[in-house]
Enquirer: 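Here it is, the structure in full.
In this chain, residues are counted from 1 in sequence order.
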Amino acid sequence: MACQNEVMFEDFFPAMVERLGAEGFMKELCNGFRLLMDAEKRVITFESLKRSSGFLGLQGISDEELRCMLKEGDLDGDGTLNEMEFCTLMFRLSPALMQSSNELLEEALIGDI
């Protein structure tokens with residue numbers, strides 16, 4: 001199954017980071033994960049993503065495209081996304097966040113001191 005990303009998203013993450021700060025943005029990413037996850041399994045599964053696709057504005061997305069979305073972020077090969085995989089994927093999909101990741105890391109580290 002070849003995965004080709006044909007769904008286009010507007011990248012609002014940089015504006016969210018600016019408005020919320022690094023810690024607030026990470027909290028929002030975690031909230032997004034919880035909205036998409038299977039409550040019993042505590043991971044995002046194909047079924048939980050399919051149930052949420054309408055909420056995400058992806059009503060017409062195919063099962064193959066949903067599977068490709070999962071595969072894109074599934075780092076351990078278990079067919080699901082845990083919270084770390086989800087957050088990592090969200091960062092990877094945002095070119096602006098990837099460019100400014102060092103600034104976010106510094107802000108988070110300074111906040112911990």
Enquirer: Does Glu40 CD have over 12 foreign heavy atoms under 6.0 Å away?
Expert: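 Counting neighbours around CD of Glu40, 12 or fewer heavy atoms of other residues, nucleotides or ligands fall under 6.0 Å, so no.
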Enquirer: Hey, what do you get for CG (Leu89) to CG (Leu70), rounding to the nearest 0.5 Å?
Expert: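 Reported value, rounded in 0.5 Å steps: 9.5 Å.
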Enquirer: Quick one: which residue pairs count as a side chain to side chain donor-acceptor pair (under 3.5 Å) with a foot in residues 48-58, not counting sequence neighbours?
Expert: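 Sorted result for residues 48-58: Thr45-Ser48, Lys50-Asp63.
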Enquirer: Measuring from Asp74:CG to Leu81:CG, what's the distance to the nearest 0.5 Å?
Expert: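 Answer for the CG-CG pair, Asp74 versus Leu81, is 6.0 Å.
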Enquirer: Are Val43 and Met37 side-chain neighbours, meaning at least one heavy-atom pair lies under 4.5 Å?
Expert: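 Sidechains of Met37 and Val43: no contact.
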Enquirer: Flag yes if Met84 and Phe86 sit in one hydrophobic cluster, no otherwise; membership is Ile, Leu, Val, Met, Phe, Trp, Tyr, and two members link when side-chain heavy atoms are under 4.5 Å apart.
Expert: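 Met84 does not cluster with Phe86.
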Enquirer: Using a 4.5 Å cut-off on heavy atoms from C-beta on, say whether the side chain of Glu72 contacts that of Arg92.
Expert: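 Yes; the side chains approach each other to less than 4.5 Å.
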Enquirer: Given side chains that start at C-beta, do those of Leu49 and Met69 come closer than 4.5 Å, heavy atoms only?
Expert: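 The answer is yes; the side chains approach within 4.5 Å.
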Enquirer: Would you check if Asn82 and Asp76 make a side-chain contact, meaning some heavy-atom pair closer than 4.5 Å?
Expert: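 The answer is yes; the side chains approach within 4.5 Å.
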Enquirer: Mind checking what makes side-chain hydrogen bond (donor to acceptor under 3.5 Å, both in side chains) contact with Ser62, not counting sequence neighbours?
Expert: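 Checked Ser62 against side-chain hydrogen bond (donor to acceptor under 3.5 Å, both in side chains); matches are Glu65.
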Enquirer: Let me confirm one number: the CZ-CZ distance from Arg19 to Phe12, rounded to the nearest 0.5 Å.
Expert: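 Output value for this atom pair is 12.5 Å.
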Enquirer: Can Ile44 be reached from Leu75 by stepping across I, L, V, M, F, W or Y side chains whose heavy atoms are under 4.5 Å apart?
Expert: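 Leu75 and Ile44: separate clusters.
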Enquirer: Side chains of residues 27-35: which donor-acceptor partners sit under 3.5 Å, not counting sequence neighbours?
Expert:
from: Asn31; atom 1: OD1; to: Arg34; atom 2: NH2; distance (Å): 2.6
from: Asn31; atom 1: ND2; to: Lys27; atom 2: O; distance (Å): 3.4

